[in-house]
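A short worksheet on the structure shown next.
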Amino acid sequence: MSTDPRPYPPRQREVTQRREVDFAAELNEKQRAAATHGEGPLLIVAGAGTGKTRTLVYRVAHLIEQGVPPSRILLLTFTRRAAQEMLARAERLVGSTSRSVQGGTFHGTAHRLLRRFGPEAGLPGDFTILDQGDAEDLMQLSRSSAGVADKTKRFPKKGTLHHVYSRHVNTEIPVGAILRDEYAQFIEFEDDIAKVFADYTARKQARNLVDYDDLLLYWAMLVETDAARAIGDRIGALYDQILVDEYQDTNVLQARILKGMCRVHRNLTVVGDDAQSIYAFRGATIRNILDFPREYHGAAVVTLEENYRSTQPILDATNLLISRAEERFTKELYTRRTGGEKPWLVTAQDEPQQTRFVVDRILELHEEGTPLREMAVLFRAGYMSADLEVELTARGIPFEKWGGLKFLEAAHVKDVLAFLRVSENPRDEVSWYRLLLLMPGIGETTARNAIDAMLARTWAPEAFADFTAPPRAREAHGALVRLLDALRAEPASGDGSVSRAIVRIRALYDDILRTRYDRVEPRLADLDRLQAIADGFGARAEFLAAISLDPPASSSDLGFGSDSEDDVLVLSTAHSAKGREWDAVFLIWAVDGWFPMARSLGDDDQIEEERRLMYVAMTRARDHLAVTFPFNVYDTRRGASYSLSQLSRFIDRGVARAFQKVVLETPSEAPITPGETVTATVDVRALLRARFTPGGGAT
Ligand code: ATP
Ligand code: MG
């Protein structure tokens, strides 16, 4: 079985000829030194846009030129998209031999290695992967079965439990310490929480399930424990060179993995920027960068300060923004790019005006020759682009969205996947539970009884068919048995097998969808898409792993609609924009409480992380940057009222001076009849606004 997960079918590609790479002409001196560094550990630590990723690509090219077999180079990055892009760039330098470089995310690579080496270490090769939602559901089962939650209503909920568990695994901070720091109100439950975690761990193992954290945990254990030394040595021996981009966003576990992987050769290159560390909330730590020279004695350290991305006025603004950070190690950046206008700080009256401004400005730049794909609109959280999406759609401007709620997290998509997952792994309790509860006539009790019956027969394939359903559930039970039998009879691999399985599932499921959910049509369209993605996969296991490890984040990832060559605007969360660049960047909703998010306001470390995130967002711009801020915010959290917002605290007066201010006027109403202008004698909208502003009446 091919275990290389792939979210969509590969495009036919031309064979690229290799060319002579002129390192001296294409890199500056320090970049060149890093790219052509010989054996041993290397750290590149530098600010945004200084060519870190470019240097890494050239280093791959250099290694190949030096005769390192491409398949023995491992390139780890944050997303599959980033990995593919780097490999495409390397291919332009050294030709198609670079295609066999192993590239991907830590989780994707872990998955590949575990499928191959896991069975020797007691992990069955046919495990299924729990995504975050599934993991929380399983935690819920542990929470109920451990009996601890019954004692008191105040026992932490599944989401909190999972967060604490995951944090513990990724940071190695003891559970007690995490509780003391973040959830003092739950300290008294420490022992019971430990019981739930023990049950969760045992439950996963008994059901052949692996969560995201386990992927890293098992990988670390394989390469570093003495008992697994023989396997670890073989895994380590797969690669001669390991390169890691965005190292500031790795956690303790990932550092341990790298240490284990490089035990023999120490050929590790890591690249990062502490000022762009934005994943501490998931356990990432910049200590990995800071401690690198100590961990890897004799490591070469290269710093870069020349920025090649942005114009000086944009850099002035972003340098100022980050100069307010509490702790910082990388230096102020400069560029030789001359000219360019100051970035804009745009005050809009309200959201519709912000939206109109962004769309009008995008069209203006487009008129002037900037393609849509060279522009992006960024925001703190996925839901903040809703109004803009409506407007773009209405005006026929194509866009794709990165980050935020993913298509695969949608309930109806997860429903369909649950059927496939129990066919793949009959012990997948979470998926059983999900699909049983979908069936008309099957409720909590019957679902529980059915699962207990299967458990009692150690999940034998026919255990479900033998289960005696209560009369109300008999029809549903029968239908499910027939479907699962049919799925089992279908080969698990072979061209079109996965999408054929989905067709069978939908013959039963589409009607269920119609009765359970609103907005039926777009949901059915999602399932059509799922089916189309599945078409690109030869095996069920491969499909399930690929979509849970690197869920498609945009329509282009789904293999149709748009293509990266197409001219589409990008809408992205600040997190998902990491590492990218565009000619024009719009950062919308620069409102205090939105960016930084309100929930971070009580915690200094979190506020600092939000500041770095805003720095990441603004440093994506090459030529044009506009930061927008609507000052009347329709605040649903406090009821249906408008409230007056404040500009983000990160743009203080000093920072604001690096911007040119644009204040959008109250838009004039459209004339009642064309050609006839009406002069307002009273501005009722202003009156209304005044009513809802502090000091002006109700708030
Ligand atoms: P980030 O911190 O945002 O990830 P980075 O340090 O990885 O940024 P790159 O994305 O590698 O920076 O480079 C930024 C831009 O500058 C890219 O367009 C890159 O091609 C260009 N660039 C970098 N170095 C040079 C150079 N020596 N000559 C010409 N262009 C360069
Ligand atoms: Mg980069």
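Whatever order the structure lists them in is the order used to number ligands and atoms, beginning at 1. If you read the sequence from its start, that first residue is 1, and numbering goes on from there. What's counted below: heavy atoms across the whole structure, side chains too, no hydrogens, waters or symmetry copies.
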Exercise. Evaluate whether atom CD of Gln646 has more than 12 neighbouring non-hydrogen atoms of other residues, nucleotides or ligands under 6.0 angstrom away.
Key: no
Exercise. Return the orientation label for the Phe357 and Trp344 ring planes: parallel under 30°, perpendicular over 60°, tilted otherwise.
Key: tilted
Quiz item: How far is atom 26 (C) of ligand 1 from its nearest protein heavy atom, and which residue and atom is that?
Solution: Tyr308 CE2, 3.5 Å
Self-check item: Glu26 and Arg54 ion-paired at < 4.0 Å
Solution: no
Quiz item: How far is atom 8 (O) of ligand 1 from its nearest protein heavy atom, and which residue and atom is that?
Solution: Gly49 N, 2.9 Å
Contacts under 3.5 angstrom, residues 361-371 side chains, donor-acceptor by atom type, not counting sequence neighbours:
{"residue": "Arg361", "atom": "NH1", "partner": "Glu364", "partner atom": "OE1", "Å": "2.6"}

Quiz item: Could a heavy atom of Thr50 be found less than 4.0 Å from some atom of ligand 1?
Solution: yes
Practice problem: Could you tell me whether the side chain of Asp583 and the main chain of Asp623 form a donor-acceptor pair under 3.5 Å? | Solution: no
Exercise. Over 60° means perpendicular and under 30° means parallel, so classify the ring planes of Trp594 and Tyr383, tilted if in between.
Key: tilted
Quiz item: Please state which protein non-hydrogen atom is closest to atom 9 (P) of ligand 1 and give its distance, to 0.1 Å?
Solution: Gly51 CA, 3.7 Å
Quiz item: Tell me, which pairs form a ring pair (Phe, Tyr, Trp, His ring centres under 6.0 Å) where one or both residues lie in residues 294-317, sequence neighbours left out?
Solution: Phe292-Tyr296
Practice problem: Mark the output for Ala46 as yes if a heavy-atom distance to ligand 1 is under 4.0 Å, and as no if none is. | Solution: no
Quiz item: Do His624 and Glu341 have side-chain atoms, one donor and one acceptor, less than 3.5 Å apart?
Solution: yes
Practice problem: Identify which one of Val655, Leu613, Ile607 satisfies the side chain to side chain contact (heavy atoms under 4.5 Å, CB included) criterion when paired with Phe650. | Solution: Ile607
Quiz item: Of the choices Arg309, Arg622, Gln31, Gln248, which has the non-hydrogen atom that lies closest to atom 27 (N) of ligand 1?
Solution: Gln31
Quiz item: Is it true that Arg620 lies under 4.0 Å from ligand 1, counting heavy atoms only?
Solution: yes
Quiz item: When you measure from atom 20 (O) of ligand 1 to each heavy atom in Glu26, Glu29, Arg580, Arg54, which option holds the nearest one?
Solution: Arg54
Quiz prompt | Protein heavy-atom partner closest to atom 2 (O) of ligand 1 - residue, atom, separation in Å | solution = Lys52 NZ, 2.6 Å
Exercise. Return the option from Glu246, Lys578, Glu581 holding the heavy atom at the smallest distance from atom 14 (C) of ligand 1.
Key: Glu581
Quiz item: In terms of side-chain geometry, is the basic nitrogen of Arg336 or Glu306 positioned less than 4.0 Å from the acidic oxygen of its partner?
Solution: yes
Quiz item: Under 3.5 Å, N or O to N or O, is Leu27 touching ligand 1 that way?
Solution: no
Exercise. Run the contact test for Thr619 against ligand 1 with a 4.0 Å cut-off on heavy atoms, strictly below, and give the result.
Key: no
Practice problem: May I ask you to list the atoms of ligand 1 that are less than 4.0 angstrom from any heavy atom of Gly579? | Solution: 4 (O)
Quiz item: Counting from 1, what ligand 1 atoms have a heavy atom of Asn28 closer than 4.0 Å?
Solution: 27 (N)
Quiz prompt | Those residues that, when tested against Trp582, pass ring-ring contact (aromatic ring centres under 6.0 Å, His included) (two or more places apart) | solution = Trp402
Practice problem: Could you name all protein N, O or S atoms found under 2.8 Å from the Mg ion (ligand 2)? | Solution: Thr53 OG1
Quiz item: Should we count CZ of Arg657 as having more than 12 external heavy atoms under 6.0 Å?
Solution: no
Exercise. Compute the shortest N/O to N/O distance between Arg89 and ligand 1 and return yes if it is under 3.5 Å, no if not.
Key: no
Practice problem: Go through the side-chain N and O atoms of Gln31 and Glu29 and say whether any donor and acceptor fall under 3.5 Å apart. | Solution: no
